[in-house]
Each structure stands twice: as structure tokens, then as C-alpha cells.
2 protein chains.
Amino acid sequence: MDAELYLQRAASHCTAQGSRLTPLRRKILQLALAQSGLVKAYQLLHCLQAERGLDNGVVAPPTIYRALDFLVAHGFLHRVDALNAYVVCPHFACEHDGIMLVCDHCGQVQEVDATHSLGSLWQQCHQHGFQPHQRDLVLTGTCQQCQTA
Amino acid sequence: MDAELYLQRAASHCTAQGSRLTPLRRKILQLALAQSGLVKAYQLLHCLQAERGLDNGVVAPPTIYRALDFLVAHGFLHRVDALNAYVVCPHFACEHDGIMLVCDHCGQVQEVDATHSLGSLWQQCHQHGFQPHQRDLVLTGTCQQCQTA
DNA sequence: GCCAGAAATGTTATACAATATCATTTTGAT
DNA sequence: ATCAAAATGATATTGTATAACATTTCTGGC
């Protein structure tokens, strides 16, 4: 994934809807993009701390979590509850009914369109008067490579 | 749900497959059954500690987590990742393709059969060589009552 | 019954995850 | 320029979970 392009499009997306991709948020999104798969909050914390150097103050957890909340709320990241982790969402702008298949062995993420099965799933929820919070579904499991290995 | 009956059936289920519902595990399952919806690990910790009294030693987290792991592995509980919580599974023996709709406002849980939509979901996973860990799906959201309220 | 290995539990300590609270700075609108 | 809102900094604390090792309990073979 081309990080620079992604960041540019993310910035446009934000301004278009009146929210702000501040330097801090941008930086953290950039760090997340540098990962190939899962990103963890405290990992970002350490990265950011390292970048700032020892003299430039300490990065505290709320700094990270606030940025992550923003990025998730705006669709740039998905949270993987089962692993207390996050993954970049490659197509934040489109309306996508997708599933993200997260391998909890190697951390790789595979995206799959699932308009059909998810459609009937959400429909079923609504039939029971239930308003699900998630639009996309994040599933954990074992990917092909890790099964054979 | 009749807790005594449930515990009896759970015990049978365990012996039938050569695993042991020990007094500790049984106790924790019983505590979980006493809740109407979500149960949290440290809540169980405090309950168990209270039951044992102050003189009978201290209950430590691993005691709880090991029991919870067992109960989840054997299908008596489901873990709700999004909330770091657990819910009792009312029908552990049946092969059930169900979704559990967990209201993160009031904690109530609603079970819905979703053989169709889940079937196509799991099928899609396998088509991509992905082996999901979950059989049931646990979704968080807002229930009907909490929407109107 | 007795013993050896396995399973379960106890114990201590620590790592990881997340939030509450309040102070300070930056931003955008008037 | 000023004010209010948004964002960030800073401090402290709570909640969640596991590692590592000791001890006890159970089980099957003798």
C-alpha cells in the first residue's frame, strides 16, 4: 500500500467532512501504515517515543488512544477486539460490507467482500431490534500459510 | 435458566468427553450462571474471594482465567472480546450456528439462530483458505429497549 | 495400597491495556 | 483580539491478562 497516497487521500477525506487530520494523528496513521498487518497501541507508543527522542518529553498512553479513537471513528483503522490491536482499512471512503480475516499467528490481514452474507446478517440483527455497532466484521483465525506451516 | 439443571448437564457433558468439571470450575460456572448477562473476570474474582472469606487465602487472577479458559474451550461460556467479558452459552451441546447479540448498554444477551448467514460467511472464509477460530459470532450493539430509552 | 506422571490449583510478580482528571496549547469563528 | 472549542500534554490510577514456579490433587499401572 502506498503510504503517501493513502495519507493524502485521508487528509482530503477529513477536510471534506470538516474533521482535522492533525500532525499527531497523521503521524500515528503513518506509523500504522508502516506495519504490514496488526498494530498495537503500546507499540505505537514506543515508536512515537523513539522518534521524539529522550529530551522531547514523554509520550503517554492517552496520546495514542485519542488518536486511535479518531482514526477508528473515521474509518482509517479497524479495531481487532480479539487481539487488542488495530489494522489499516485500505478503503475508508467506499461503502464496504467487508470482512477482515486476521491471522493471529502471523498477523497478516486479508480483506474479503461479503456483501451478501453480511447483508443477511445485519438484516437479521435488525429483525430482532438490535442495532449492531460494527459495519465491517473482523474475524480472527489461521491463514493458509500458517495452517500448513 | 435453571442453574442446577445446567450444572448437571455440564457435568455429564464433561465426563462424557473425558474432561473434568472440578469444584473450582463448577463454582465459577455457577457464579456466571447467577448473572443475568455479561460476566467479567475480576467480578468473578471478587465474588470467589468473598465466598472464601478473608482467612482462606487470596484468590489470584490466574485461578479465574484458567477456569474461564476451560469453560470457554468446552462451550459453556462465550467470550465477548469487545467488552472483555463472558456470557453463558445456554446450549453447549447442540451444534449451533448462532449469533449472540450483546447490548453494551444494559448487558443483556439475545441469542439468534443464523445458520444461513453464518453458513455463507464461514464458507467464504474457507474459500480464502482461512480457518476462523470462532463458530458462534458475538456482536455488540444496542438492544431495542436501550435504543428507545 | 503405592508410586510415578499428569493435571489442576496456588502463589508471586509483572506486563499489557485503557481511562479519569486536570492543565496547557492550539485552532477557528466572530 | 478575544472567546470557546478542540486538541494535546501530563500525572495517576484502574483494569485486564499472563509468565513462571511451587504445591497439591488426581489417575492409571503395578
Side-chain angles (χ1 to χ4, degrees), chain A residues 10-11 14-29 31-32 38-49 51-74 76-87 104 107 140, chain B residues 10-11 14-15 17-29 31-32 38-49 51-74 76-77 79-87 104 107 140:
Chain A
C14 281
T15 48
Q17 62 175 59
S19 59
R20 295 158 52 203
L21 187 64
T22 63
L24 178 64
R25 291 165 176 170
R26 193 190 137 93
K27 177 89 243 167
I28 288 180
L29 181 51
L31 288 170
L38 293 168
V39 212
K40 311 229 31 170
Y42 273 66
Q43 174 190 1
L44 291 170
L45 187 64
H46 297 319
C47 288
L48 191 55
Q49 181 66 72
E51 289 218 352
R52 288 198 182 178
L54 301 112
D55 311 329
N56 266 326
V58 180
V59 182
T63 302
I64 303 296
Y65 283 104
R66 282 191 285 233
L68 287 174
D69 286 348
F70 174 89
L71 296 171
V72 167
H74 288 75
F76 304 127
L77 298 181
H78 288 301
R79 183 177 154 77
V80 186
D81 290 319
L83 306 173
N84 295 329
Y86 301 83
V87 290
D104 58 9
T140 53
Chain B
C14 282
T15 48
Q17 61 175 60
S19 58
R20 294 159 52 205
L21 187 65
T22 63
L24 178 64
R25 292 166 176 168
R26 191 189 138 94
K27 177 90 243 165
I28 289 181
L29 181 51
L31 288 170
L38 293 168
V39 212
K40 310 231 28 171
Y42 275 67
Q43 174 189 2
L44 292 169
L45 187 64
H46 297 317
C47 289
L48 192 55
Q49 182 65 72
E51 288 219 351
R52 288 196 181 177
L54 300 114
D55 311 329
N56 266 327
V58 180
V59 182
T63 302
I64 303 295
Y65 283 103
R66 282 191 285 233
L68 287 174
D69 286 348
F70 175 89
L71 296 171
V72 167
H74 288 75
F76 303 127
L77 298 181
R79 184 177 153 75
V80 186
D81 290 319
L83 306 173
N84 295 328
Y86 301 82
V87 290
D104 59 9
T140 53

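A note on names: the letters A, B, ... follow the listed sequences, proteins ahead of strands, and every chain is numbered from 1.
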Start at the 5' end of DNA chain D and walk down; is the nucleotide closest to A:F70 or to A:V58 reached first?
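Result of the comparison: A:F70.
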Check this one for me: any side-chain N or O of [X] less than 4.0 Å away from OP1 or OP2 of [N]?
| X | N | result |
| --- | --- | --- |
| B:R79 | D:dA17 | yes |
| B:T63 | C:dG10 | yes |
| B:K40 | D:dG15 | no |

To the nearest angstrom, how far is [X] atom [atom1] from [N] atom [atom2]?
| X | N | atom1 | atom2 | answer |
| --- | --- | --- | --- | --- |
| A:L44 | C:dC16 | CG | P | 15 Å |
| B:L24 | D:dC26 | CG | C1' | 15 Å |
| A:Q43 | C:dA17 | CD | C1' | 14 Å |
| B:L83 | C:dA17 | CG | P | 18 Å |
| B:Y65 | C:dT11 | OH | P | 19 Å |
| A:Q49 | D:dG9 | CD | P | 11 Å |
| A:I64 | C:dA20 | CD1 | P | 18 Å |
| B:K27 | C:dA8 | NZ | P | 20 Å |

A:D69 CG to A:R79 CZ distance, which is reported to the nearest 0.5 Å:
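Nearest 0.5 Å value for the CG-CZ distance: 9.0 Å.
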If I take atom CG from residue B:D81 and atom CG from residue A:D81, how far apart are they, to the nearest 0.5 angstrom?
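If we round to the nearest 0.5 Å, B:D81:CG and A:D81:CG are 6.5 Å apart.
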Using a heavy-atom cut-off of under 4.0 Å over every strand shown, decide if [X] touches base, sugar-phosphate, or nothing.
| X | result |
| --- | --- |
| B:R66 | base |
| A:R26 | nothing |
| A:R20 | sugar-phosphate |

Which of the following nucleotides, C:dA8, D:dT11, D:dG9, is nearest to the side chain of A:A60?
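Nucleotide nearest to A:A60's side chain: D:dT11.
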From the options D:dA17, C:dT19, C:dT9, select the nucleotide whose nearest atom is closest to the side chain of B:N84.
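Per side-chain heavy atoms of B:N84, the pick is D:dA17.
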Map A:Y42 and A:P62 onto DNA chain C by nearest heavy atom, then report which one ends up closer to the 5' terminus.
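Result: A:Y42.
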So which atom in A:L44 and which in A:A32 form the shortest heavy-atom distance, rounded to 0.1 Å?
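Looks like CD2-N, 4.2 Å.
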Taking all non-hydrogen atoms of both residues into account, name the closest pair between A:L24 and A:R52 and its distance.
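For A:L24 versus A:R52, the nearest heavy atoms are CD1-NH2, 3.7 Å.
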Does any N or O in the side chain of A:S19 come within less than 3.5 Å of the main-chain N or O of A:T15, such that one atom is a donor and the other an acceptor?
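A pair under 3.5 Å: no.
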